[in-house]
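To start, the structure itself, in structure tokens.
Residue indices begin at 1 and follow the sequence shown.
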Amino acid sequence: GKLIDIKLKSASGFMQEELTALRQRLSKAEKKLDKMIQAAQEQRERILATELVAQSRDLVEQSETELKKAAQAELPFLKGFEIQLEEMHKSIGECEAAAAQTKKA
């Protein structure tokens with residue numbers, strides 16, 4: 001584009017006409033290229049957004065699963081069941097592990 005503009009300043013007659021036509025064709029091609037670049041960028045953004053939504057959905061599902069595990073492990077304490085000391089330690093461990101996994105997700 002710049003080379004044509006430089007040559008166009010010093011050209012005359014037939015050469016000036018040819019360079020002017022070439023400049024117009026170049027401008028049209030640049031506009032088409034800009035549109036294609038914009039369309040490709042929009043498509044890339046849509047793909048990225050779709051991937052982010054899928055990743056988010058997976059993380060939410062994983063968090064919900066771990067939260068359910070934590071709630072189940074906590075259930076004996078919430079209902080006031082009498083449980084053995086060994087089972088209590090096991091339930092506390094399961095609850096803490098599930099809570100840690102929920103935070104991780």
Problem - Nonpolar side-chain network containing M36, other nodes, edges under 4.5 Å - result: none

Exercise for the section: Starting at CD1 of I47, measure out to CG of L52 and round the result to the nearest 0.5 Å. Expected result: 12.0 Å

Handout entry: Residue pairs fulfilling salt bridge (charged side-chain N to carboxylate O under 4.0 Å, His left out) with at least one residue in residues 44-55, sequence neighbours excluded
Key = none

Practice task
Report the hydrophobic cluster partners of V60, with the cluster defined as I, L, V, M, F, W, Y residues connected by side-chain heavy atoms closer than 4.5 angstrom, directly or transitively.
Solution key: none

Problem - Pairing residues for I37 by the side-chain contact (heavy atoms from CB on, under 4.5 Å) criterion, not counting sequence neighbours - result: L33

Completion exercise
Taken in chain and number order and not counting sequence neighbours, the residues that satisfy side chain to side chain donor-acceptor pair (under 3.5 Å) with Q38 are E42

Kindly list each side-chain donor-acceptor pair under 3.5 angstrom involving residues 11-28, sequence neighbours excluded, with atom names and distances?
residue: T20; atom: OG1; partner: Q16; partner atom: O; Å: 2.7
residue: R23; atom: NE; partner: D5; partner atom: OD1; Å: 3.0
residue: S27; atom: OG; partner: R23; partner atom: O; Å: 3.2

